[in-house]
Amino acid sequence: ESDKCFECDDSIHKKSHPIQNVIYLTDSWWQSVNGEENVSIRLNLEAEFHFTHLIIKFKTFRPAAMVIERSADFGRSWRPYRFFAQNCSRTFPQVSSGSLRHNNDVICEERYSDIEPSTDGEVIYKVLDPAIHVKDPYGLDIQELLRITNLRINLTKLNTLGDDLLDRRSDVLQKYYFAIKELVVRGSCFCYGHASECAPVPGVSARGPGMIHGRCVCKHKTEGLNCERCRDFHHDLPWSPAEALEPHTCRECECHGHASSCHFDMAVYLATGNSSGGVCDLCLHNTMGRNCESCRPFYYKDPQRDPRDPQVCRPCDCDPVGSLEGGVCDGHTDLDLGQISGQCRCKDNVRGLRCDDCKDGFYGLSLSDPQGCQPCSCDPRGIVLMAAPCDQISGDCSCKRYVTGRYCDQCLPGFWGLSDHVSGCRSCDCDVGGALHNR
Ligand SMILES: *[C@@H]1O[C@H](CO)[C@@H](O)[C@H](O)[C@H]1NC(C)=O
Ligand SMILES: *[C@@H]1O[C@H](CO)[C@@H](O)[C@H](O)[C@H]1NC(C)=O
Ligand SMILES: *[C@@H]1O[C@H](CO)[C@@H](O)[C@H](O)[C@H]1NC(C)=O
Ligand SMILES: *[C@@H]1O[C@H](CO)[C@@H](O)[C@H](O)[C@H]1NC(C)=O
């Protein structure tokens, strides 16, 4: 440029050096206000990323001190990654300047803050130092270290050509500024192993080759920008990051078509020996249970219908005269428990699916009778053993051939001696010569 010593001015296009210049490759650069230290550059990412390294290429001298910090919660809280200074113990006395032992140690490094070179100097930061062996790259500590939503670079001290040694007044600093040509941030979108590609977040336009976007194209029935949860209605297993041999695919809840949402319940999951933890919400069609698999009280499962049929639960049909418990019935068939789907709870002397019949030996079904029916009072000697002892409704007993009376306790005229005999009574057999009649 011919115009060598102009003032940097962001309101004049030709004299401005906006921050965009460091991201989109241009011939120009970003430049800070002359003489200002403690300048910070903040990069807001569109989602959560796995950050691996940062390369900053400076147009002029590298800073005499700087800090790289990150946030994993969209800028609410920040933690430092690394400090850089020409003299760490002087500039950052609180930070260790020893060598790195663990990847998550926060240290201060001196090698990137020299005044040399005066142009094109770089600062390189790698989150995982290649010299440090990582036992478990999927371990929580490593994952925590890599996750970022924002990156901040604080340029805290200007390098000067020694003319500030005696006097660091701002008029001396006025000749100096920070200037960056290029900022390379490398990493990948962060999908917990549930995606193999990433697309732009809604509202973010795809710009330039090599730009990684933040919205994971989720597989394994997961969803979210980072595939960080199971898809709706897929909560039968707990969400979990994918592993090399086990994708931990989210599983659909089984609600038999009677619910449209479900949730995961850890207690249920543990109780089933880790096989199923999905609980259906708001079962419809008179169903209930964590899989909407049974019928609500006062309904029973129609064995003729498919369990997914909206009509599968039918209202109990109990005769109020012979039923107990207000007409509740067995919800399903369970022979071990002696339950038959639709069977009403009958009073003691009542039977039938609807409880509308007297048991054998009883008659006179009645609402006011707590037992439902009363016992037939037939004379056991006079009744036919093959049939019900008495009429269910009238209570009349069924008498043997030569027996009569409501209770079958009398012999017919001309017969006598009621007994267990097959005909009940014996004929009088009076001699027609001597008897007036056969009685
Ligand atoms: C930058 O911040 C440090 C520490 O807060 C302070 O000592 C220094 O004076 C500041 N520099 C300028 C130029 O404001
Ligand atoms: C760094 O600063 C400390 C404290 O001011 C000083 O004692 C030390 O000599 C300096 N080191 C170098 C290499 O200048
Ligand atoms: C970096 O700069 C920001 C904003 O200027 C400030 O809030 C923060 O405390 C600085 N971080 C460090 C480690 O000095
Ligand atoms: C079941 O899952 C829980 C929670 O994920 C886990 O702590 C436990 O070890 C698992 N039990 C079995 C038998 O796999």
Side-chain angles (χ1 to χ4, degrees), residues 19 22 30 32-33 35-44 51 54 56 62-99 104-116 123 125 127 138-140 145 148-162 164-166 168 177-178 180 183 192-193 220 222 228-230 234-243 245-251 263-279:
I19 192 68
V22 308
W30 163 78
S32 68
V33 175
E36 294 258 325
E37 292 184 307
N38 305 327
V39 172
S40 85
I41 298 173
R42 174 171 160 173
L43 190 64
N44 297 330
F51 169 53
L54 172 68
I56 310 172
R62 290 176 297 190
M66 60 179 268
V67 188
I68 301 175
E69 297 178 292
R70 93 292 203 166
S71 168
D73 55 11
F74 295 96
R76 276 186 289 279
S77 66
W78 295 86
R79 273 172 304 166
Y81 267 132
R82 187 155 299 173
F83 292 79
F84 299 86
Q86 222 172 24
N87 184 332
C88 281
S89 55
R90 187 168 58 209
T91 313
F92 299 117
Q94 76 283 10
V95 182
S96 155
S97 52
S99 60
N104 46 13
D105 289 344
V106 177
I107 59 161
C108 175
E109 258 187 294
E110 293 185 343
R111 61 174 161 160
Y112 291 117
S113 307
D114 281 349
I115 187 107
E116 290 289 341
V123 173
Y125 170 67
V127 184
Y138 295 103
L140 269 186
L145 196 61
I148 64 164
T149 56
N150 311 72
L151 204 58
R152 188 160 68 188
I153 301 153
N154 285 8
L155 308 168
T156 58
K157 197 157 182 273
L158 284 162
N159 245 325
T160 57
L161 287 168
D164 65 319
L165 285 178
L166 301 170
R168 204 175 169 82
Y177 51 82
F178 300 110
I180 296 178
L183 191 71
Y192 294 100
H220 309 149
T222 59
E228 73 280 9
R229 57 178 188 268
C230 287
H234 287 76
H235 303 296
D236 201 39
L237 298 173
W239 176 91
S240 180
E243 292 170 66
L245 296 173
E246 171 51 67
H248 290 294
T249 301
C250 294
R251 190 165 65 200
H263 64 273
F264 177 77
D265 186 317
M266 185 52 97
V268 170
Y269 180 66
L270 294 177
T272 60
N274 293 8
S275 69
S276 166
V279 175

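Every number for a ligand or one of its atoms is a count from 1 in the order of the listing. Here the structure is a predicted model, which is why all the values come from computation and not from measurement.
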*Compare every heavy atom of His220 with every heavy atom of Gly193, then report the nearest pair and how far apart it is.*
O-CE1, 3.7 Å
_Less than 4.0 Å from atom 7 (O) of ligand 4, is there any heavy atom belonging to the protein?_
no
*Could you find the nearest protein heavy atom to atom 5 (O) of ligand 4 and give me its residue, atom name and distance?*
Met266 CE, 4.3 Å
*How about Arg42 and Asn150: do any of their side-chain heavy atoms sit closer than 4.5 Å?*
yes
*Which atoms of ligand 2 sit under 4.0 Å from any heavy atom of Asn87?*
1 (C), 2 (O), 3 (C), 8 (C), 10 (C), 11 (N), 12 (C), 14 (O)
*Could you tell me whether the side chain of Ser97 and the main chain of Ser89 form a donor-acceptor pair under 3.5 Å?*
no
_Numbered atoms and elements of ligand 4 in range of Tyr269, under 4.0 angstrom, heavy atoms_ = 2 (O)
*asked:* On a heavy-atom basis, I'd like to know which of Val67, Ile153, Val39, Asn154 is closest to atom 12 (C) of ligand 3.
replied: Asn154
*Taking the side chain as every heavy atom from C-beta outward, state whether Phe51 and Arg70 have any pair of such atoms under 4.5 Å apart.*
no
_Shortest non-hydrogen contact from Glu37 toward Lys157_ = OE2-CA, 3.2 Å
*Between CZ of Arg62 and OG of Ser113, what distance do you get to the nearest 0.5 Å?*
7.0 Å
*Numbering the atoms of ligand 4 from 1, which are under 4.0 Å from a heavy atom of Leu270?*
1 (C), 2 (O), 3 (C)
*Below 4.0 angstrom from a heavy atom of Arg90, which ligand 2 atoms are there? Numbered from 1 as shown, please.*
2 (O), 5 (O)
*Write out the residue and atom name of the closest protein heavy atom to atom 9 (O) of ligand 3, then the distance separating them to 0.1 Å.*
Arg152 NH2, 4.4 Å
*Heavy-atom closest pair, residues Leu155 and Pro63*: CD2-CG, 3.7 Å
*How far is atom 1 (C) of ligand 4 from its nearest protein heavy atom, and which residue and atom is that?*
Asn274 ND2, 1.5 Å
*Tell me which protein heavy atom sits closest to atom 13 (C) of ligand 3, plus the residue, atom name and distance to 0.1 Å.*
Glu69 OE2, 3.4 Å
*Which protein non-hydrogen atom lies closest to atom 4 (C) of ligand 3, naming both residue and atom, and how far is it?*
Ser40 OG, 4.0 Å
*How about Phe92 and Thr156: do any of their side-chain heavy atoms sit closer than 4.5 Å?*
yes
